[in-house]
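Working notes, beginning with the structure itself.
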Amino acid sequence: LRPIARRALVGAGLIAVYVIAGRFGLRLAFLYPSATPIWPPTGIALAALLILGDRYWPAIFVGALLVNLTTAGNLATSLGVALGNTLEAVVGAALVRRFARGREAVRQARSVVAFTLAAGLATTLSPSIGLTSLVWLGFGSWSRFGAIWLTWWLGDLGGALVLAPAILLWYDEPRVRWTRQESGELALLLLLLLGVSELVFAGPFPVRLGTYPLEFVFLPILLWIAFRLSTREAATALLLLAAMAIDGTLRGVGPFVRTTANDSLLVLQAFMGVASVTTLAFGALVAQRRKVEAQLRHLSISDPLTGLGNYRHLMAVLQGEIRRSDRTGRSFAVVFLDLDRLKTINDRHGHFEGDRILRGVGEVVREGVRRIDIAARYGGDEFVVLLPETDPTGAFVLAEKIRRAGFDGIYLVGYSSINALQPFRYRTEVADNAKAPPGGGPRTARGKAAHRKRLDEIKSLALRQGHVTED
C-alpha cells in the first residue's frame, strides 16, 4: 500500500476501535448520558498518538464525534465534546513526550510518575470543555456540574492509566519469549488471580466478605507478576482484573459496591488507578534493577577497551571446558594471538593510537570466531580464543583467518589442543597441567597467577612442539 492509503486504513481502524470502545463506555453512564466512570477511548487515543504520531488526531476527532452524536445534546455539543476529547489526547501525548520519555513512559519509575501527572492534567480538558458546552447550551444543570465533572474526569483518567500502558508495552514488545518455567509461573499466577477474583466478586460468600477491604488482596499478585515476569504481563493482568471487577461491581458484589452504580464504579476506578501506578512503578524499578545487574555482570567479565572477555571470564570458561573435556574425552583448542611492536607504537604515537589498534584487533577477533567460541583479551597485547570441540587443524584455520583479516600487526604466536592428543607427545602432561592448580581458583590473586602460569605453559608447549606460525 502507498503511504497515504496505509495512513487512511490505519485511521479508519482507529476510528472503529474508538467508536466501539466509546459505545461500551457510554453504556455505563448512569449519572449523565455523556459522563461515564469507565472510558477506554482515552487510553486508546493517548497510546495511538504516542505510537503513530499527532497526525492521527483527525481520527480521534471523528471517532469522538460519531460516539457523541448518539448521546445527549446536538451537533454543536457533540463538536464541543469531540474537541475536548481530541485536545485531551493531543495535549496528553505532548506532555508525555516532553516530561515522561514518550512511548518509554512506563519503563522507569520516575517517568511513571511523570506519566501519571501528565495524564491527570490532560484529562481535565475533556470534562471541562465537553461538559461546559453541554451545560451552556442547555443540556445540563450547573448545580450538578461538579459531580458530573468528577465522574467524567475519573473515567478518562482510568482509561489513560490502565489501558494506555498495556497498549504501549505490547506494542514495544509484541513477541512472547517466556521460558517453560516462566510460562508455568504465569499460568499459576493467573489462576490465582482468577480464583481470588471469583471469591471476591462472585464467590460463595459475597455478602459476608463484601464489607472487608478485599481489594488489597490483588496487589501482591500484581506485584509478584511484575517482579517475576515483567511490567507488560502485570499491566495485562491489571486489565483482566479491571474487567472482572467491573462485572462483579455492576452485579452488586465486591468491596467497591456503594449506594449507586455510579458511585461504585467511581470507587473501583480510583482503586484501579492507584493499583496501576503502583504496579507500573514497581515493575519499572524491577526492570531497571535487572538492567543494572546485567550491565554490571557484563562489565565484570568483559574487557572495557575491546569488549571481548577479560581474564576472569577466560579463566572461568577455561575451567569449565577442562572439566567437560576430562568428562567426555572431547578436545578443545586454545589459540594465542600476540601483537608485536605495540610498545613501539605507544611510544612513538601515544597510547591513544595503541588503544585504537587494540580495539580494531578485538573487532577482527570477534568477527572471526564462531558463536560457541570464547574470545578474550589475555592481557596487554595478547588475545586468547577458546575453541570447544576443535582439533589443532581447526584452530590453525581459525588463527590464519584472523591473521589475514587485514591487520599486518597481528602475529600468531601459538595454538594448542587439549585432549585432542594426536599432535602432542605429552598428552597426559598437558591434560594434567590444564587442571586447576593448587594455588587456588581463578578468583584469588594466587590462583590468578597460577592459572596464568598454566596458560603460559600451554603456549610454551605449543611452541616446543612446533605448532607455530609466525610472520
Check your understanding: Is it true that a side-chain atom of Ser133 and a backbone atom of Ile129 form a donor plus acceptor pair closer than 3.5 Å?
Key -> yes

Practice item. Quick one: closest heavy-atom pair of Leu14 and Ala59, and the distance? Key: CD2-CB, 3.9 Å

Check your understanding: Can you check whether Thr179's main-chain N or O pairs, donor with acceptor, with Glu182's side chain at less than 3.5 Å?
Key -> yes

Check your understanding: Given side chains that start at C-beta, do those of Tyr18 and Asn85 come closer than 4.5 Å, heavy atoms only?
Key -> yes

Practice item. Taking Thr279 for its side chain and Leu222 for its backbone only, find out whether a donor-acceptor pair lies under 3.5 Å. Key: no

Point to revise | Least distance between heavy atoms, Val365 atom then Ala375 atom | key: CG1-CB, 3.6 Å

Practice item. Return yes if some donor-acceptor pair links the side-chain N/O of Arg98 with the main-chain N/O of Ala93 below 3.5 Å, else return no. Key: no

Revision key, fill the gap. Interatomic distance, CD@Glu88 vs CG@Leu121, rounded to 0.5 Å, equals 10.5 Å

Practice item. Could you tell me the separation between the OG1 atom of Thr231 and the CD atom of Glu173, rounded to the nearest 0.5 Å? Key: 8.5 Å

Study note, to complete from the structure: Heavy-atom closest pair (Trp149 atom, Leu131 atom, distance to 0.1 Å) is N-CD2, 3.6 Å

**Study point:** Atom pair OG1 (Thr36) and CG (Leu31), whose distance is rounded to the nearest 0.5 Å
**Key:** 10.0 Å

Practice item. Just do the salt bridge (charged side-chain N to carboxylate O under 4.0 Å, His left out) check on Arg258 and Asp263 with the steps written out, would you? Key: CA-CA 6 Å; Arg258 297 298 184 269; Asp263 291 343; over 6 Å; no

Point to revise | side-chain hydrogen bond (donor to acceptor under 3.5 Å, both in side chains) evaluation trace for Glu104 with Ser111 | key: CA-CA 8 Å; Glu104 302 292 322; Ser111 60; over 6 Å; no

Review point. Has Phe227 got more than 12 heavy atoms of other residues, nucleotides or ligands less than 6.0 Å from its CZ?
Key: no

Point to revise | Neighbour count above 12 (heavy atom, 6.0 Å) for Leu296 CG | key: yes

**Study point:** Between Trp178 and Glu233: side-chain donor-acceptor atoms closer than 3.5 Å
**Key:** yes

**Study point:** Short side-chain donor-acceptor distance under 3.5 Å, Trp153 and Thr124
**Key:** no

**Study point:** Non-hydrogen side-chain atoms of Leu240 and Leu194 separated by less than 4.5 Å
**Key:** yes

Check your understanding: Is there a donor in the side chain of Thr236 and an acceptor in the side chain of Trp170, or the other way round, less than 3.5 Å apart?
Key -> yes

Review point. How long is the gap from CG on Leu69 to CG on Asn74, to the nearest 0.5 Å?
Key: 9.5 Å

Point to revise | Pairwise side-chain contact, Trp224 with Leu192, heavy-atom cut-off 4.5 Å (strictly under) | key: no

Exercise for review: For the pair Ser126 (side chain) and Thr123 (backbone), establish whether a donor and an acceptor sit closer than 3.5 Å, ignoring hydrogens and angles.
Suggested key: no

**Study point:** Donor-acceptor under 3.5 Å (Arg103 side chain, Arg97 main chain)
**Key:** no

Exercise for review: For Thr249 and Ile246, indicate whether the former's side chain and the latter's backbone hold a donor-acceptor pair under 3.5 Å.
Suggested key: no

Practice item. Look at the aromatic rings of Phe201 and Phe218 and report parallel, tilted or perpendicular, splitting at 30° and 60°. Key: parallel

Review point. Would a 4.5 Å heavy-atom cut-off, applied to side chains only, mark Leu66 and Ile15 as touching?
Key: yes

Check your understanding: Judged by atom type as modelled, is there a donor-acceptor pair below 3.5 Å linking the side chain of Thr77 to the main-chain atoms of Leu134?
Key -> no

Review point. Is there a side-chain contact between Thr71 and Leu26 (heavy atoms, below 4.5 Å)?
Key: yes

Point to revise | Sole residue of Arg366, Arg377, Arg359 in salt bridge (charged side-chain N to carboxylate O under 4.0 Å, His left out) with Asp303 | key: Arg377

Practice item. Return the minimal non-hydrogen interatomic distance between Gly22 and Trp39, and the atom names on each side. Key: O-CZ3, 3.4 Å

Exercise for review: Taking the side chain as every heavy atom from C-beta outward, state whether Leu358 and Val361 have any atom pair closer than 4.5 Å.
Suggested key: no

Exercise for review: Starting from the C-alpha separation in whole Å, work towards a yes-or-no answer on side-chain hydrogen bond (donor to acceptor under 3.5 Å, both in side chains) for Arg370 and Thr390.
Suggested key: CA-CA 11 Å; Arg370 304 167 299 180; Thr390 305; 2.8 Å; yes

Practice item. In sequence, state the C-alpha distance, the side-chain angles, and the governing distance for Phe256 and Leu266, and then conclude on side chain to side chain contact (heavy atoms under 4.5 Å, CB included). Key: CA-CA 9 Å; Phe256 304 110; Leu266 287 180; over 6 Å; no

Review point. Could you walk me through whether Leu337 and Val384 pass the side chain to side chain contact (heavy atoms under 4.5 Å, CB included) check?
Key: CA-CA 6 Å; Leu337 302 170; Val384 174; over 6 Å; no

Point to revise | Thr151 and Asn262 side chains, donor-acceptor separation under 3.5 Å | key: yes

Practice item. Could you tell me the separation between the OG1 atom of Thr42 and the CG atom of Leu163, rounded to the nearest 0.5 Å? Key: 9.5 Å

Review point. At their closest point, which heavy atom of Phe332 faces which heavy atom of Pro388, and how far apart are they?
Key: CB-CA, 3.9 Å

Review point. Is it the case that more than 12 heavy atoms not belonging to Arg55 sit under 6.0 Å from its CZ atom?
Key: yes

Point to revise | Candidate pair Glu321 and Arg324, rule salt bridge (charged side-chain N to carboxylate O under 4.0 Å, His left out), full reasoning | key: CA-CA 5 Å; Glu321 192 64 25; Arg324 186 196 65 82; 2.4 Å; yes

Exercise for review: Can you label the angle between the Trp57 ring and the Phe61 ring as parallel, tilted or perpendicular, going by 30° and 60°?
Suggested key: perpendicular

Review point. Heavy atoms, side chains only, cut-off 4.5 Å: are Val334 and Leu387 in contact?
Key: no

Point to revise | Nearest-0.5 Å distance, CG of residue Leu75 to CG of residue Asn68 | key: 11.0 Å

Practice item. Indicate whether the side chain of Asn310 and that of Ser302 have a donor and an acceptor atom separated by less than 3.5 Å. Key: no

Exercise for review: State, to 0.1 Å, how close Ala21 and Ile44 come at their nearest heavy-atom pair, and which atoms those are.
Suggested key: CB-CD1, 3.6 Å

**Study point:** From CA spacing to verdict: side chain to side chain contact (heavy atoms under 4.5 Å, CB included), Leu280, Thr116
**Key:** CA-CA 10 Å; Leu280 293 174; Thr116 304; over 6 Å; no

Review point. With a cut-off of 6.0 Å (strictly less than), are more than 12 heavy atoms of other residues, nucleotides or ligands near CZ of Arg290?
Key: yes

Review point. Would you say the side chain of Gln181 lies within less than 4.5 Å of the side chain of Arg228, judging by non-hydrogen atoms?
Key: yes

